[in-house]
Amino acid sequence: MRKHHSSSLTVTVTLPEEGTQLDCWESVFPGNLVILKNRAAPQSVSRMNRGERVYTQNHPTGRLQRSGRQTNQFLKRWFNSRYHLLWVLLLLLVVCFTIQMFGTQSPWGAKLTGLLLLRTSISKQNLLPTVPADLEHNQKPRSEQTTNLHRESEEDEESSHDPLLKCVQKVINVVAGSGKMLISTSTKVLNSHRNKSHSKETCVPKSHIVFLKTHKTASSSILNILYRYGESRNLTFALPRNKHSQMFYPTFFASRFVEGFNSRCGRDFHIMCNHMRFRKSEVSKVMLQETFYFSILRHPVAMMESIFAYYNTIAAFSKTRRLEDFLDSCWEDYKSSVRNNHYAHNVLAFDFGFDNNVADGAEHLNERAAEAVAAIERDFHLVLISDYFDESMILLKHALCWSLEDVVSFRLNSRSEQTRHKVSAETAEKIKRWNALDWRIYLHFNATFWHQVGSLVGQEQMKREVSQLRELRAKLANTCLKDGGPVNPSKIKDPGLKPFQYGAAVIQGYNLNPHLDRDTRTKCLRLITPELQYTRLLYTKQFPDLAAKHTPKAQ
Ligand SMILES: Nc1ncnc2c1ncn2[C@@H]1O[C@H](COP(=O)(O)OS(=O)(=O)O)[C@@H](OP(=O)(O)O)[C@H]1O
């Protein structure tokens with residue numbers, strides 16, 4: 001055993017096994033405080049043997065012990081200061097209590113109950129800003145705190161008339177000034193109390209989210225919603241490695257595709273939403289267990305028409321000029337093994353991680369569809385339908401406990417009229433037969449969607465909220481957009497706002513109203529920032545050093 005002493009603190013660590021890689025610094029010791037951290041550190045102890053080690057400043061995943069006389073002294077100091085602090089707190093509480101008892105002559109019981117419940121909302125403005133940044137990680141996400149704060153505002157006012165509770169508030173504020181650790185503990189206790197006391201009447205906004213971004217289903221508009229929500233609340237995104245825009249699609253998702261993910265350092269991502277071929281076992285390595293999973297489907301006929309225009313260069317489509325021609329020859333000519341041909345056949349099933357190849361009149365089609373549906377039901381909390389985009393947004397708003405402002409968006413990645421084609425009833429039937437697996441999945445989730453609308457929102461409220469959403473979108477368009485709506489890419493002034501163009505589709509974008517104040521401009525700009533640009537922006541924010549490295553060959 002080797003010892004290392006420092007002026008601040010000595011820590012003995014038992015390494016879990018020989019050759020352990022110290023790639024997570026889990027602890028730092030500012031004074032007498034231990035803070036858990038998830039930070040990669042390029043320190044290797046690969047030559048160390050199993051056994052007791054002593055470090056200052058960091059320790060690996062092993063057991064942490066303090067040693068010798070120094071530990072005793074440290075504990076004494078630590079205990080004494082905390083002990084004093086608690087005495088001061090207790091004394092102040094007794095004083096408050098006495099004042100209250102004699103001041104109002106109210107019965108003990110009522111006041112005791114009031115005190116024990118701590119019904120008051122101790123001003124978070126006083127508490128939250130002083131929470132150390134390192135601890136914030138272990139707190140509820142800011143969004144949740146902020147929303148609770150709004151929800152509690154009436155109660156705050158109510159409680160501020162109560163002298164006892166006011167006094168308690170003052171005491172905690174006084175103590176808050178004298179110890180950061182205590183503040184964070186108080187905040188946690190209060191948060192958990194708030195959540196408990198409001199669980200019946202209100203919901204808590206969700207901010208741990210996986211969105212499976214399916215193809216040509218309005219998923220870029222939803223991505224924009226998630227990006228704006230997360231960015232404005234400083235949430236962390238599980239972004240594709242090396243500044244890519246997709247999770248190495250069409251390969252099955254693997255946790256190593258996520259930038260900054262390290263299996264030893266645990267998980268601290270809030271939102272994952274880039275294109276991927278879904279694989280739950282790998283996604284759940286990256287995201288917390290309480291994460292909300294959702295996705296979106298589109299009617300396979302409309303979807304196929306869109307896909308045919310956008311991916312017209314893939315082998316499956318390149319020989320035919322018209323969708324009708326492809327559908328006449330697909331059963332004989334389609335080769336599933338050719339790269340990117342999956343876009344042409346049951347691509348929804350493919351994105352969800354299933355085998356998309358189904359032969360004509362396949363015996364086991366129903367069985368396979370049932371298996372896919374059951375797996376999606378098991379892995380996803382909500383499946384939206386892009387054909388009812390606004391209803392989907394309202395349902396999402398309720399499921400996530402978000403506000404109407406949180407789910408409003410402009411239509412992104414939309415084709416211009418000149419690249420759309422009318423689909424005859426006969427062609428529609430052929431598309432459904434060709435994409436029989438997708439069609440069955442769609443039928444099932446279209447039914448569950450409306451069932452959820454009924455049970456979670458209600459038909460009348462849905463109508464009301466959809467019209468509110470449309471009103472809000474119209475107002476935003478009026479404020480933010482120069483031309484009031486989407487324009488063809490050749491008309492977009494700012495090259496940074498041009499959406500990625502592909503295949504035969506002409507993908508529209510927006511021009512920003514030039515007469516906006518700074519804050520409004522920023523908000524409007526985010527609403528119309530296309531997927532690739534926004535993904536790079538967030539990557540650069542989260543990984544400034546890596547972003548600089550990847551700049552020349554980005555995408
Ligand atoms: N709000 C809203 N409501 C209804 N439909 C919408 C909405 N936003 C986008 N879209 C349509 O979705 C298509 C683009 O889908 P994606 O963004 O998923 O495409 S991509 O896979 O990311 O390339 C694309 O469909 P097509 O225009 O038919 O190609 C968009 O018009």
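As the structure lists them, so they are numbered: ligands from 1, and atoms in each ligand from 1. Only this structure's heavy atoms are used, side chains among them; waters, hydrogens and symmetry mates stay out. All residue numbers in this chain count up from 1 along the given sequence.
One N or O on the side chain of Ser424 and one on the backbone of Thr427 form a donor-acceptor pair closer than 3.5 Å. In this structure a side-chain-to-backbone donor-acceptor pair under 3.5 Å is missing from Thr291 to Val210. A distance-only check finds no donor-acceptor pair linking the side chain of Arg415 to the backbone of Gln508 [under 3.5 Å].
Taking any N or O of Arg420, backbone or side chain, at least one lies under 3.5 Å from an N or O belonging to ligand 1. Inclusion of Phe389 in the set of residues having an N or O under 3.5 Å from an N or O of ligand 1 is not warranted. Between Tyr311 and ligand 1, no pair of N/O atoms sits closer than 3.5 Å.
Counting heavy atoms only, Arg411 comes closest to atom 4 (C) of ligand 1 of the residues Glu417, Lys213, Gln508, Arg411. Of the candidates Thr419, Val347, Asp387, Asn413, it is Asn413 that places a heavy atom closest to atom 30 (C) of ligand 1. Between atom 13 (C) of ligand 1 and the options Arg415, Gln246, Arg298, the minimum heavy-atom separation is to Arg298.
We find that Lys432 and Asp438 are not joined by a salt bridge, their nearest charged nitrogen and carboxylate oxygen being 4.0 Å or further apart.
Considering Phe380, Phe253, Phe294 in turn, Phe380 is the only one that fulfils the ring pair (Phe, Tyr, Trp, His ring centres under 6.0 Å) rule with Phe278.
At the top of the distance list for atom 18 (O) of ligand 1, counting protein heavy atoms only, stands Ser219 OG, 2.5 Å. Looking at atom 12 (O) of ligand 1, its nearest protein heavy atom turns out to be Ala218 N, 3.0 Å. Among protein heavy atoms, atom 17 (O) of ligand 1 sits closest to Ser220 OG, 2.5 Å.
Between Tyr249 and His275, the ring planes are tilted. Angles from 30° to 60° get that label.
When side chains are defined from C-beta on, Trp450 does not count as touching Gln452, because their heavy atoms never get closer than 4.5 Å. Annotation: side chain of Thr448 is in contact with side chain of Glu377 (closest heavy-atom distance under 4.5 Å).
Counting heavy atoms closer than 4.0 Å to ligand 1, residue Glu305 contributes nothing at all. Residue contacts with ligand 1 for Ser221 involve side-chain atoms from C-beta outward but no N, CA, C or O (heavy atoms, distance under 4.0 Å).
Residue Thr214 places a heavy atom less than 4.0 Å from ligand 1.
Residue Leu412 has at least one heavy-atom neighbour below 4.0 Å for each of these atoms of ligand 1: 8 (N), 9 (C). The distance from ligand 1 to the heavy atoms of Lys216 drops below 4.0 Å at these ligand atoms: 15 (O), 16 (P), 18 (O), 19 (O), 20 (S), 21 (O), 23 (O).
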Candidate pair His270 and Phe237, rule ring-ring contact (aromatic ring centres under 6.0 Å, His included), full reasoning: CA-CA 6 Å; His270 290 103; Phe237 290 89; 8.6 Å; no
